[in-house]
Structures are given as structure tokens and as C-alpha cells.
S.K.: 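I'd like to ask some things about the structure below.
All of these numbers come straight from a predicted model, not from anything done at the bench.
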Amino acid sequence: MATIMTIGEQRRAGEAARKVGGYSELIRLETERREAKGKGKVVRDAANGRYSFKPSPASPKK
């Protein structure tokens with residue numbers, strides 16, 4: 001699927017990709033975020049330096 005991005009969006013995507021180790025890593029993180037429905041945060045594994053998306057714990061249901 002192709003998307004059309006503005007120059008600013010391209011710059012932000014490029015910066016994010018450089019921070020996490022490339023576009024494939026950025027896509028992997030986006031997939032993890034979508035699976036968690038956006039609830040959580042990006043964390044860096046101290047052992048290998050790889051970023052991952054850590055879902056937040058489920059809130060208790062009343």
C-alpha cells in the first residue's frame with residue numbers, strides 16, 4: 001500500500017526510522033503498536049539495544 005506524505009511527514013518518518021534502526025524496524029514497531037491498540041510505550045531493550053512496543057497493563061474492569 002502506498003501513501004502520499006508531505007515533506008514534513010517524510011522528515012519525521014526518516015528521523016524516527018534512524019532512531020530505531022531503519023524503516024523495517026519502524027514498520028515492526030507500528031505493527032506492534034496497532035496490535036496493542038496504541039496503549040503502551042516504546043522501550044529499548046538494554047541487552048541488545050532493540051526497540052519494542054510494550055503494551056500497558058490492562059485496566060481492571062468494574
S.K.: To the nearest 0.5 angstrom, please state how far the CZ atom of Arg11 sits from the CD atom of Glu9.
M.R.: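 So the gap between those two atoms works out to 12.0 Å.
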S.K.: Atom CD of Glu32 and atom CD1 of Ile27: how far apart are they, to the nearest 0.5 Å?
M.R.: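 Answer rounded to 0.5 Å: 12.5 Å.
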S.K.: Distance-only check: which donor-acceptor pairs under 3.5 Å involve side-chain atoms of residues 44-55, not counting sequence neighbours?
M.R.:
residue, atom, partner, partner atom, Å
Arg44, NE, Gly49, O, 2.9
Asp45, OD1, Ala47, N, 3.0
Asn48, OD1, Arg50, N, 2.9
Arg50, NE, Glu25, OE1, 3.1
Arg50, NH2, Glu25, OE2, 3.2

S.K.: Are side-chain heavy atoms of Arg33 and Thr31 found at a separation under 4.5 Å?
M.R.: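 No, every pair of side-chain atoms sits at 4.5 Å or beyond.
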S.K.: Donor-acceptor pairs are to be reported for all side-chain atoms of residues 13-21 against protein atoms at under 3.5 Å, with residues two or more places apart or in another chain.
M.R.:
none

